[in-house]
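The sequence lines fix the lettering, A, B, ..., with proteins before strands; numbering per chain opens at 1. Everything quoted here is computed from the prediction, not taken from an experiment.
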Number of protein chains: 2
Amino acid sequence: MASARKAAVEPRIRLNRERVIAAAVLLADAGGLEALTMRRLGEHLNVEAMSIYNHVANKEDLITGMADEVFGEIGLPSHGDEWKTAIRKRSISFRDALARHPWATTVRDSGTNPGPATLRHHDRVIGTFRNGGFSVEKTAHAFSAVDSYIYGFAMQEKSLPFSTPEETAAMAAIMLAQLPPNEYPYLAELTADHVLKPGYSYGDEFLIGLDLVLDGLESMRDTD
Amino acid sequence: MASARKAAVEPRIRLNRERVIAAAVLLADAGGLEALTMRRLGEHLNVEAMSIYNHVANKEDLITGMADEVFGEIGLPSHGDEWKTAIRKRSISFRDALARHPWATTVRDSGTNPGPATLRHHDRVIGTFRNGGFSVEKTAHAFSAVDSYIYGFAMQEKSLPFSTPEETAAMAAIMLAQLPPNEYPYLAELTADHVLKPGYSYGDEFLIGLDLVLDGLESMRDTD
DNA sequence: GGAGATAACTTACGGCGTATGTTTATCTTG
DNA sequence: CAAGATAAACATACGCCGTAAGTTATCTCC
């Protein structure tokens, strides 16, 4: 057959789980989770959609793998640092990873069946609090508070309809113009006097809120 | 025709946007956003799928309407209360609304084209900070920090594979049993000594983290 | 009661995830 | 190196999905 001869000229490149997941992450980064379809993923891998199922159980399994991939990109808290510094660094790294892969903010089934990178990450974060003098109970509080904040911030950041300062200013001006001015006076004030000021960037809010949470955790650790 | 006669016996009930959105919210509450399909929604409304398009522009418009519905359920901060009390109450109400409608945590296109309930809600929250003595800039910090925390917490809560205390204990025991014990010692400790303790409920973490954020905002307001 | 508007229904299309069955390429073992 | 076994590719098909386009029934108002 002609196809057999052609196959001899262009030998198949074997797939594997890592290559599949990496390509899927690229696709989702570019167009969001809804751009990730098995057929399109197949195209990017030069393979038919069904061939992917030799390497992942189904689409959910694929996405779980992708989420673990993202967790693997987060810098683990360093043992050498004091707890606050260590958690601060990994929180920034966490937020950066979620900004690189915005689709990951909504996945969160890492909660139901976490992959190995996710487990290691969580273990190290918990260990950092414990070694920093937090009781088991206060470690739970700290873990919940910090990660809730990070996830929530990443989600808000993702949902903004702009990213660069120029886009922000343009978008804010439009939104301000079409706001009924008397109906939402405080919203109008915030937009006009803060968002539209030169140099405004929503991303700058991240560290302010993060440090607020970390300082609160420090005083919580030392009281009761 | 027989169908014409039958129609005379069972006259059509007219649809409208509110009824469509309310039914869609019910459907999503019960089975998540992926259970919300136009055909199923039609069935629940005793109507063909395409008839729904006389009342919403498309599915995205429908979901936007649903999100605004949820925002409408959140109690507005009261003018009578001190800012901290007012924000605390509305934050609890916000979290309750997101717990009732878990699908809403991932929607967030309220950011791109907010509905009237969403706008009113935001305006009132911003106004509460402003009248509580926050500068415009600090109001932005406060708004971002509080809502990030609430969204993130709601998302984590939603992604837990259990809700009742019994389920939690059962699930935690299973997860603990299948954890490589030496590989994740801190995770194991937290699960055994905290999650498996009687009376544990992740939901209790909400107020702890919320008060931590609110206290932090208070001292931020009074410094610099 | 007749006309025009509104909102329902019907049909159809392309794309989705994936079950099932078949073919081809690669690996194993002598 | 040959051949049988295994793994991974391809091909087809099914029942869903959102929704465009066209048709019919009902409601509203004179």
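As judged by a 4.0 angstrom heavy-atom cut-off over every strand, B:Leu36 is placed among residues touching the sugar-phosphate backbone only.
Contact annotation: A:Arg40 side-chain N/O to C:dC16 OP1/OP2 distance is under 4.0 Å. Proximity of B:Asn54 to the phosphate of C:dA8: a side-chain N or O atom is located under 4.0 Å from OP1 or OP2. Contact annotation: B:His55 does not reach the phosphate of C:dT6 (side-chain N/O to OP1 or OP2, under 4.0 Å).
Judged by distance alone, the side chain of B:Ser148 and the main-chain N or O of B:Ala145 form no donor-acceptor pair under 3.5 Å.
Among C:dC9, C:dT18, D:dC10, the nucleotide with an atom closest to any side-chain atom of B:Ser51 is C:dC9. Listed nucleotides: C:dT18, D:dA11, D:dT19. Nearest to the side chain of A:Ala49: C:dT18. Nearest nucleotide to the side chain of A:Met50, out of D:dA9, C:dA19, D:dC17: C:dA19. For A:Glu48, counting side-chain heavy atoms from C-beta on, the closest listed nucleotide (C:dA8, C:dG17, D:dC10) is D:dC10. Proximity note for A:Tyr53 (side chain, C-beta onward) versus D:dC10, C:dA7, C:dG17: the nearest is C:dG17.
Because its NZ or CZ atom is both nearer than 6.0 Å to the ring centre of B:Phe206 and within 45° of the ring axis, B:Arg95 counts as a cation-pi partner of that residue.
Between A:His122 and A:Phe71, the two ring planes are perpendicular [angle over 60°; tilted spans 30° to 60°].
Atoms CG (B:Asn16) and P (C:dT6) sit 16 Å apart, rounded to a whole Å.
For A:Arg39 and C:dG15, a side-chain-to-base donor-acceptor distance below 3.5 Å is absent, hydrogens and geometry of angles not being considered.
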Worksheet entry | Residue pair B:Arg88, B:Ile92: steps toward the side chain to side chain contact (heavy atoms under 4.5 Å, CB included) verdict | CA-CA 6 Å; B:Arg88 195 172 191 272; B:Ile92 292 169; 4.1 Å; yes

